[in-house]
Amino acid sequence: MTDYLSRPIGWLHPRFAEDAYDELSFWGSRFGALMLDHLELRRGIRGLDVACGTGFPLFELAEMHGPSSHFTGVDVWPNAIERARGKLAVYGLRNVDLVETDAVSMPFDDATFDLITSNLGINNFNDPPAAMRECFRLLKPGGRISVTTNLTGHMAELYDVFRDTLRERGRHDLLPKLDEQEAHRGTRATTVQLFTDAGFTITRAVEDEFFLRFADGSAMFRHHLVGFFLHGWRGVSDDPELFAAMEAKLNDRAPLQMRIPMLLIEATR
């Protein structure tokens, strides 16, 4: 039963940011913890968190650095910024402000920030190279940037089943499209290249991993987090029979562990 295909591709509930987005924190916190575990803390800095969503890790960064520092969070999603403003009022932080803006054209002067962070932002930017060039513009000489992302190899177990199912159903024509969809996350080498092309000097690259666990394929396809990945998979094929076959294959392999490779890049201008 493929009821998880009933919503249009890309659909979000109008109140998703306000009422449900924070439920994704288990996902984002894994990557955020990788960043926060390695980030050197300095007093008296001005920081920028790009694609801050509803406020993680923006608020944690502001609290870790304390009142001697000031942080700005930016995101293009107005509902997320509005949700973050509500949380900011509750926290009462005086060293944080929020700006709704696109990462490729942010309303700040050159060389404004000592530190720029982005947790899982790269894969969500419409134009990652342009966003990285904009970050380079905004960073002070000697300033630091710290970014996390997930890499190609993300849920490779699912992609293997996807490929096998396409072959069995004679849809070899869709295999290049699936390869392209899987590869859009990039590798360590392509992510490093993204930084160096923008002018940054890499100072640290840390890889790690964790696993998303599901009782079976039926549970996986209906998980609210997987719904985001489902949009991309449906861009390859939206055939309910194909997904039903994949779900059955995954159920036969239960329980499931889906590997999530993580990358932290730190660099300087």
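Everything numeric in this text was worked out from a predicted model, so none of it was measured. By convention here, the first residue in the shown sequence is residue 1.
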Given the rule that I, L, V, M, F, W and Y join up when any side-chain heavy atoms are under 4.5 Å apart, are [X] and [Y] in one cluster?
X      : Y      : value
Leu242 : Leu230 : yes
Leu41  : Leu58  : yes
Leu48  : Met35  : no
Val161 : Leu5   : yes
Ile145 : Val206 : no

| Got a sec, which residues hit salt bridge (Lys or Arg N to Asp or Glu O under 4.0 Å) with Asp3, two or more places apart in sequence or on another chain? | Arg222
What closest approach, in Å, do [X] and [Y] show between heavy atoms, and which atom pair accounts for it?
X      : Y      : answer
Ala254 : Ala215 : CB-O, 3.0 Å
Asp75  : Gly53  : OD2-N, 2.8 Å
Pro128 : Ile122 : CG-O, 3.7 Å
Pro240 : Thr2   : O-CG2, 3.5 Å
Phe108 : Leu138 : O-CD2, 3.5 Å
Asn123 : Thr149 : ND2-OG1, 3.2 Å

[Y] backbone acceptor or donor facing [X] side chain under 3.5 Å:
X      : Y      : answer
His184 : Gln181 : yes
Ser29  : Gly32  : no
Lys249 : Gly217 : no
Ser118 : Val50  : yes
Thr152 : Gly186 : yes

| task | For Ile260 and Met155, run side chain to side chain contact (heavy atoms under 4.5 Å, CB included): C-alpha distance rounded to whole Å, both residues' side-chain angles, the deciding distance at 0.1 Å, then the answer. | result | CA-CA 6 Å; Ile260 309 298; Met155 299 184 76; 3.7 Å; yes
| Salt bridge check: are Arg133 and Asp197 linked by an N-O gap of less than 4.0 Å? | no
| message | Could you check whether Arg137 pairs with Glu134 (Lys NZ or Arg NE/NH1/NH2 to Asp/Glu carboxylate O, under 4.0 Å)? | response | yes
| task | Would you sort out whether Arg171 and Asp173 count as a salt bridge (Lys or Arg N to Asp or Glu O under 4.0 Å), showing the intermediate values? | result | CA-CA 5 Å; Arg171 296 306 311 268; Asp173 58 306; 2.8 Å; yes
| side chain to side chain contact (heavy atoms under 4.5 Å, CB included) between Asn119 and Phe56, worked out | CA-CA 8 Å; Asn119 189 44; Phe56 178 81; 3.8 Å; yes
Is the [atom1] atom of [X] crowded by more than 12 outside heavy atoms at less than 6.0 Å?
X      : atom1 : answer
Glu180 : CD    : no
Arg213 : CZ    : no
Asn126 : CG    : no
Asp109 : CG    : no

| message | Test salt bridge (Lys or Arg N to Asp or Glu O under 4.0 Å) on Asp164 and Arg167; report intermediate values, then the result. | response | CA-CA 5 Å; Asp164 289 344; Arg167 292 187 182 105; 3.6 Å; yes
Heavy-atom side-chain proximity of [X] to [Y] below 4.5 angstrom:
X      : Y      : answer
Leu158 : Met258 : yes
Glu157 : Gln257 : no
Leu151 : Glu207 : yes
Tyr91  : Val96  : no
Trp233 : Tyr159 : yes
Leu39  : Leu115 : yes
Phe26  : Leu225 : no
Glu40  : Arg204 : no

| query | Under the 6.0 Å and 45° cation-pi test, does Arg185 pair with Phe229? | reply | yes
Rounded distance (nearest 0.5 Å) linking atom [atom1] of [X] with atom [atom2] of [Y]:
X      : Y      : atom1 : atom2 : value
Phe200 : Arg269 : CZ    : CZ    : 8.0 Å
Arg42  : Ser69  : CZ    : OG    : 11.0 Å
Thr117 : Leu61  : OG1   : CG    : 5.0 Å
Phe210 : Trp27  : CZ    : CH2   : 5.0 Å
Phe71  : Phe59  : CZ    : CZ    : 12.5 Å
Asp238 : Phe243 : CG    : CZ    : 6.5 Å

| field | Side chains of Glu247 and Ser218, donor plus acceptor under 3.5 Å | value | yes
| message | Could you walk me through whether Met106 and Thr112 satisfy the side chain to side chain contact (heavy atoms under 4.5 Å, CB included) test, starting with their C-alpha distance in whole Å, then the side-chain angles of each, then the deciding distance to 0.1 Å, before giving a yes or no? | response | CA-CA 11 Å; Met106 293 182 271; Thr112 294; over 6 Å; no
| task | Please report the C-alpha distance between Leu178 and Arg163 in whole Å, then the side-chain angles of each, then the deciding distance to 0.1 Å, and finally whether the side chain to side chain contact (heavy atoms under 4.5 Å, CB included) criterion is met. | result | CA-CA 8 Å; Leu178 179 62; Arg163 285 189 181 86; 3.4 Å; yes
| Partner of Asp114 by salt bridge (charged side-chain N to carboxylate O under 4.0 Å, His left out), out of Arg46, Arg43, Lys140 | Lys140
